Amino acid sequence: MPYRLFKIFFSFFIFFFSLGFSQTLSSNLDKTTLALGEVAVFKIQILDLDGKDVQIAPRNELLPFHFEMVNDSIAVQKDIYLRSVKFAVFQEGKFTIPEIEIKVGDEILKTIPYEVEVINTAKKGDQINDIMKNKEVELNVQDYWDLYKFYVLVALMIIAIIVLIIGIVKYGKKRKSSPIVTTNQTLKDLEKLRKKNYIENENFRAFYVELIDITRTFITKQYQIPADVLLTDDLIDYMKNTNAISQENEKVVEDIFLRGDLVKFAKTIPTKELMAKDFTEIRDFVKRSTKDVEAENLRNVSVAELSEADRSKIRKL
């Protein structure tokens with residue numbers, strides 16, 4: 001008998017103890033039937049917070065999109081959280097306020113859902129009159145400017161941004177494809193090749209394969225010649241039929257490309273001295289290429305448009 005009394009007493013102790021450390025959530029909707037545009041109030045109350053943080057949807061985002069917010073007020077104290085949301089619905093039908101999840105500290109609480117019916121109280125044939133008659137107002141230029149200046153300024157800003165983006169893209173492309181940029185990048189690629197020590201290790205095949213690949217890529221970008229897809233003989237013929245490359249540079253490319261083909265197919269074995277000489281000549285050719293490009297650009301300008309200084313420059317080139 002004493003044991004049973006002890007269990008009952010202990011159960012009541014646990015029950016009241018839990019009540020003292022848990023939160024009480026309640027919610028209320030003052031109307032479940034509304035006329036179109038009629039304002040209703042939805043309230044949420046949480047008691048016994050004991051300073052715990054309440055996490056819930058922010059202001060004006062608590063209810064679904066059919067519910068037009070009129071006012072959303074929140075009051076928080078140490079032990080109580082009150083929220084009062086005034087709303088209206090401007091569409092006939094039945095709508096639901098779903099259960100709302102609230103996090104209090106580490107505990108999740110949920111309200112009960114509510115169903116709201118919205119009806120049109122206007123009767124067929126009712127006459128709807130304006131409270132006041134429309135008043136005609138004459139607007140001057142300043143009035144129109146005050147009304148639409150924001151849109152004008154935004155449009156001008158968008159146009160300016162578009163022009164700026166186009167300018168940046170064009171300038172960026174021009175810089176990336178300029179002769180000096182291409183030359184500098186190729187010189188960096190050649191320096192990387194030199195540091196691989198193919199010449200010192202007499203790895204002649206790998207040396208010529210990479211040297212010719214770098215040169216083909218350079219000719220394609222610098223001279224707009226499809227060197228990356230043409231066979232060596234076809235490339236040599238192509239260069240001889242165009243004035244894009246000077247005879248000195250053309251001879252360097254021809255000799256080294258033909259020798260590189262022989263090396264790649266194991267028909268000849270070059271010396272270290274010859275490999276070093278070919279590397280130096282390709283590097284010098286890359287450095288001289290800007291003069292070829294400059295001369296080609298001047299040739300493309302009609303003679304009538306050339307100044308005497310430009311004509312003299314072409315003769316020197």
Side-chain angles (χ1 to χ4, degrees), residues 170-171 173-196 198-199 204-265 267-268 270-317:
K170 285 187 175 181
Y171 178 74
K173 287 182 177 178
K174 185 176 180 181
R175 282 188 60 85
K176 288 180 181 178
S177 60
S178 68
I180 295 175
V181 172
T182 304
T183 298
N184 291 338
Q185 182 58 51
T186 304
L187 291 175
K188 291 179 182 178
D189 294 338
L190 289 172
E191 182 61 21
K192 291 178 183 178
L193 173 61
R194 185 187 66 78
K195 290 180 179 180
K196 292 181 179 180
Y198 288 152
I199 297 175
F204 48 83
R205 189 176 187 281
F207 170 76
Y208 278 100
V209 167
E210 293 193 27
L211 179 65
I212 291 175
D213 284 344
I214 292 172
T215 309
R216 282 182 178 275
T217 302
F218 171 73
I219 293 173
T220 302
K221 291 182 178 179
Q222 191 80 315
Y223 295 99
Q224 307 302 314
I225 292 175
D228 53 342
V229 296
L230 292 175
L231 298 175
T232 300
D233 292 339
D234 295 332
L235 175 59
I236 293 171
D237 290 339
Y238 193 104
M239 289 190 298
K240 289 181 178 180
N241 292 323
T242 180
N243 293 324
I245 302 179
S246 65
Q247 291 183 354
E248 178 186 4
N249 291 336
E250 181 185 312
K251 186 70 169 65
V252 169
V253 173
E254 180 179 357
D255 290 346
I256 295 175
F257 272 42
L258 291 174
R259 183 160 40 254
D261 284 350
L262 293 175
V263 172
K264 285 191 291 183
F265 294 108
K267 293 184 178 181
T268 185
T271 63
K272 290 182 181 181
E273 293 75 14
L274 184 57
M275 293 167 68
K277 177 176 175 294
D278 287 344
F279 178 84
T280 302
E281 288 192 348
I282 287 295
R283 185 177 60 190
D284 293 342
F285 153 62
V286 171
K287 293 178 180 179
R288 292 193 301 267
S289 65
T290 52
K291 293 183 179 180
D292 289 344
V293 176
E294 188 177 354
E296 182 66 16
N297 291 337
L298 289 174
R299 288 190 200 98
N300 292 332
V301 180
S302 63
V303 178
E305 295 174 342
L306 291 176
S307 64
E308 185 58 35
D310 289 336
R311 294 176 191 175
S312 175
K313 203 170 189 179
I314 289 179
R315 286 194 292 269
K316 291 181 181 178
L317 293 171

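Because the structure is a prediction, the values reported are computed rather than measured. Residue numbers count from 1 along this sequence.
- Atoms OG1 and NZ, on T186 and K287 in that order, are 12.5 Å from each other to the nearest 0.5 Å.
- Residues E273 and K277 are not paired through a salt bridge, judged by the lack of any N-O separation under 4.0 Å between the basic side chain and the carboxylate.
- In plain terms, the two heavy atoms of R216 and L230 that are nearest each other are NH1-O, 2.7 Å.
- Across every non-hydrogen atom of F257 and T232, the tightest pair is CB-CG2, 3.8 Å.
- Expressed to the nearest 0.5 Å, how far OH of Y198 lies from CD of E210 amounts to 4.0 Å.
- Taking CG of L190 as the start and NZ of K195 as the end, the distance is 12.5 Å to the nearest 0.5 Å.
- In this structure, K192 places its NZ atom where only 12 or fewer heavy-atom neighbours from other residues, nucleotides or ligands lie under 6.0 Å away.
- Heavy atoms only, all atoms of each residue included: N249 and I245 are closest at CB-CG2, 3.5 Å.
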- Message: Is there a side chain to side chain contact (heavy atoms under 4.5 Å, CB included) between T217 and D189? Walk through the geometry before answering.
- Response: CA-CA 11 Å; T217 302; D189 294 338; over 6 Å; no
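- Checking I199, V263, V209 one by one against F204, the side chain to side chain contact (heavy atoms under 4.5 Å, CB included) holds for a single residue, V263.
- The pair R194-E191 meets the salt-bridge criterion, since a charged nitrogen lies less than 4.0 angstrom from a carboxylate oxygen.
- The two residues T220 and A227 come nearest to each other via the heavy atoms OG1-N, 3.4 Å.
- By the 4.0 Å N-to-carboxylate-O rule, D237 lies too far from K240 to be salt-bridged with it.
- Here the shortest heavy-atom pairing between Q222 and S289 reads NE2-OG, 3.0 Å.
- For the atom pair CD1 of I282 and CD1 of I256, the computed distance is 3.5 Å after rounding to the nearest 0.5 Å.
- For the pair D278/V252, no side-chain contact is recorded, criterion being any heavy-atom separation below 4.5 Å from C-beta on.
- No donor-acceptor distance shorter than 3.5 angstrom exists from the side chain of R259 to the backbone of M275, with no hydrogens or angles considered.
- Considering CD1 of I219 and CZ of F285, their distance stands at 4.5 Å, rounded to 0.5 Å.
- Atom CG of D213 is separated from atom CG of D228 by 10.0 Å, given to the nearest 0.5 angstrom.
- Minimum interatomic distance between T268 and P270 (heavy atoms only, all atoms of both residues): O-CD, 3.9 Å.
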